There are 2 protein chains.
Amino acid sequence: MLRNRVKELRARYGYTQSELGKKVDVTRQTIAFIEKGEFSPSITLSLKLAQALQVEVGDLFWLEEE
Amino acid sequence: MLRNRVKELRARYGYTQSELGKKVDVTRQTIAFIEKGEFSPSITLSLKLAQALQVEVGDLFWLEEE
DNA sequence: TTGAAATGTTAGGTTTATATTACATAATGT
DNA sequence: ACATTATGTAATATAAACCTAACATTTCAA
């Protein structure tokens, strides 16, 4: 199961979903879907998010058992 | 632009495309497409590939200018 | 040198990521 | 209290990921 810390890190930087979306070239709904864990974004988008949130991509997304 | 080291690391381990595909639950064609850089796999598949090839996902896939 | 295994590649189909639009609610500032 | 902004969420549409099947070519062991 895929987990992520997007919502937590976005909050830490005080970005809105729209702002973060703009930084990585997706809509705010895409950010919302990712935060809800509803799908598995592309590695390209994942790398951009990691860069925007200043964290290693492996620390932003990870796989958990079950 | 998205770059990756899948082909190089797969060779290092002596895995065939089919073997690697089986480890990460995709077909050999999907592995071939990724090696050719034809698309941007999901973060889920990227994490599985990094695990199979024993490298950090950020060292397996990265973004380059242009 | 022959045959199997690995790889390259293409076509057509299904599934999923992502966009667009829209509406409702929550939060915030004036 | 009101207006604005942020978020939740859903419907429909499109693009891209991924699959299956197939055939051609390359590699490599017997």
Side-chain angles (χ1 to χ4, degrees):
Chain A
M1 163 157 228
L2 183 67
R3 289 292 171 79
N4 77 78
R5 295 204 303 151
V6 173
K7 188 168 191 170
E8 171 198 345
L9 289 172
R10 177 175 63 81
R12 174 172 312 177
Y13 285 100
Y15 297 148
T16 67
Q17 292 180 339
S18 293
E19 283 169 346
L20 181 56
K22 198 159 201 176
K23 283 177 195 292
V24 299
D25 292 307
V26 295
T27 63
R28 71 174 186 84
Q29 284 83 350
T30 294
I31 301 295
F33 272 118
I34 292 169
E35 290 184 352
K36 275 178 66 184
E38 300 233 346
F39 60 60
S40 177
S42 69
I43 182 69
T44 297
L45 175 52
S46 303
L47 287 166
K48 287 184 187 174
L49 285 168
Q51 188 174 326
L53 298 172
Q54 306 197 51
V55 68
E56 290 297 317
V57 61
D59 293 325
L60 188 56
F61 293 93
W62 65 94
L63 294 173
E64 273 183 12
E65 308 310 315
E66 173 189 4
Chain B
M1 164 159 226
L2 183 66
R3 290 292 171 77
N4 76 78
R5 296 203 303 150
V6 173
K7 188 168 191 168
E8 171 198 344
L9 290 172
R10 177 176 64 79
R12 176 171 309 178
Y13 285 100
Y15 297 148
T16 67
Q17 293 180 340
S18 293
E19 283 170 345
L20 181 56
K22 199 160 199 176
K23 283 177 194 292
V24 300
D25 292 308
V26 296
T27 64
R28 72 174 185 86
Q29 285 85 345
T30 294
I31 301 295
F33 270 117
I34 291 170
E35 290 184 354
K36 273 178 66 186
E38 300 235 346
F39 59 60
S40 177
S42 68
I43 181 69
T44 297
L45 174 52
S46 303
L47 288 166
K48 287 183 186 174
L49 285 167
Q51 185 173 328
L53 299 172
Q54 306 195 51
V55 68
E56 290 298 316
V57 63
D59 294 326
L60 188 55
F61 293 93
W62 65 95
L63 293 174
E64 273 182 14
E65 306 315 314
E66 177 188 3

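Each chain gets a letter, A, B and so on, in the order the sequences are listed, and its residues count up from 1. Note that the structure is predicted; figures quoted are calculated from it, not measured.
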Query raised in the report: At how many degrees, to 10°, do the end axes of the helix from C/dT1-D/dA30 to C/dT30-D/dA1 meet when each uses five pairs?
Result: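 The helix from C/dT1-D/dA30 to C/dT30-D/dA1 shows an end-to-end axis angle of 50°.
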
Query raised in the report: Across the strands shown, which category fits A/Phe33 at heavy-atom distances under 4.0 angstrom: base, sugar-phosphate, nothing?
Result: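 Counting heavy atoms under 4.0 Å across all strands, no contact is made by A/Phe33.
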
Query raised in the report: Roughly how far, to the nearest 0.5 Å, is OG1 of A/Thr44 from CE of B/Met1?
Result: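 One gets 10.0 Å once the value is rounded to the nearest 0.5 Å.
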
Query raised in the report: What distance separates B/Leu2 CG from B/Phe39 CZ, expressed to the nearest 0.5 Å?
Result: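 CZ of B/Phe39 is found 11.0 Å from CG of B/Leu2.
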
Query raised in the report: Residues from residues 2-11 of chain B sitting under 4.0 Å of DNA chain C, heavy atoms only?
Result: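 Heavy-atom contacts with DNA chain C come from B/Lys7, B/Arg10.
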
Report task. Evaluate the salt bridge (Lys or Arg N to Asp or Glu O under 4.0 Å) criterion for residues B/Glu8 and B/Arg12: first the C-alpha distance (whole Å), next the side-chain angles of each, then the deciding distance (0.1 Å), finally the verdict. Result -> CA-CA 6 Å; B/Glu8 171 198 344; B/Arg12 176 171 309 178; 3.3 Å; yes

Query raised in the report: In residues 36-49 of chain B, which ones come under 4.0 Å of DNA chain D, going by heavy atoms?
Result: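 Residues of residues 36-49 of chain B under 4.0 Å from DNA chain D: B/Phe39, B/Ser40, B/Pro41, B/Ser42, B/Leu45.
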
Query - Sorted by number, the residues of residues 15-31 of chain A with heavy-atom contact under 4.0 Å to DNA chain D - result: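 Contacting residues: A/Thr16, A/Gln17, A/Arg28, A/Gln29.
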
Requested in this report: Could you pull out the closest heavy-atom pair between A/Tyr15 and A/Lys23, with the gap in Å?
Outcome: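 That closest heavy-atom pairing would be CZ-CE, 3.4 Å.
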
Report task. Indicate the atoms forming the closest heavy-atom contact of B/Asn4 with B/Lys7, along with that distance. Result ->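 Smallest heavy-atom distance, with atoms named: OD1-N, 4.3 Å.
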
Query raised in the report: Could you give the start and end, 5' to 3', of the contact zone on DNA chain C for chain B, using atoms under 4.0 Å from its heavy atoms?
Result: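 Range of nucleotides within reach of chain B: C/dA6 to C/dT10.
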
Query raised in the report: Among A/Glu35, A/Gln29, A/Lys22, which residue meets the side-chain hydrogen bond (donor to acceptor under 3.5 Å, both in side chains) test with A/Gln17?
Result: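 Going through A/Glu35, A/Gln29, A/Lys22 one by one, the side-chain hydrogen bond (donor to acceptor under 3.5 Å, both in side chains) with A/Gln17 is satisfied by A/Glu35 alone.
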
Query raised in the report: Under 4.5 Å between any side-chain heavy atoms of B/Val6 and B/Leu20, yes or no?
Result: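 Yes, at least one pair of side-chain atoms sits under 4.5 Å.
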
Query raised in the report: Between B/Thr30 and B/Val24, is any pair of side-chain heavy atoms under 4.5 Å apart?
Result: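 The answer is no; the side chains never approach within 4.5 Å.
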
For residues 48-63 of chain A, which side-chain N or O atoms pair as donor and acceptor with protein atoms under 3.5 Å away, sequence neighbours left out?
{"residue": "A/Trp62", "atom": "NE1", "partner": "A/Glu64", "partner atom": "OE2", "Å": "3.1"}

Query raised in the report: Hey, does the side chain of A/Ser46 reach the backbone of B/Ile43 with a donor-acceptor pair shorter than 3.5 angstrom?
Result: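 A pair under 3.5 Å: no.
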
Query - B/Ser40 (side chain) donor-acceptor with A/Ser42 (main chain) under 3.5 angstrom - result: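 The answer is no, because no donor-acceptor pair under 3.5 Å joins these two groups.
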
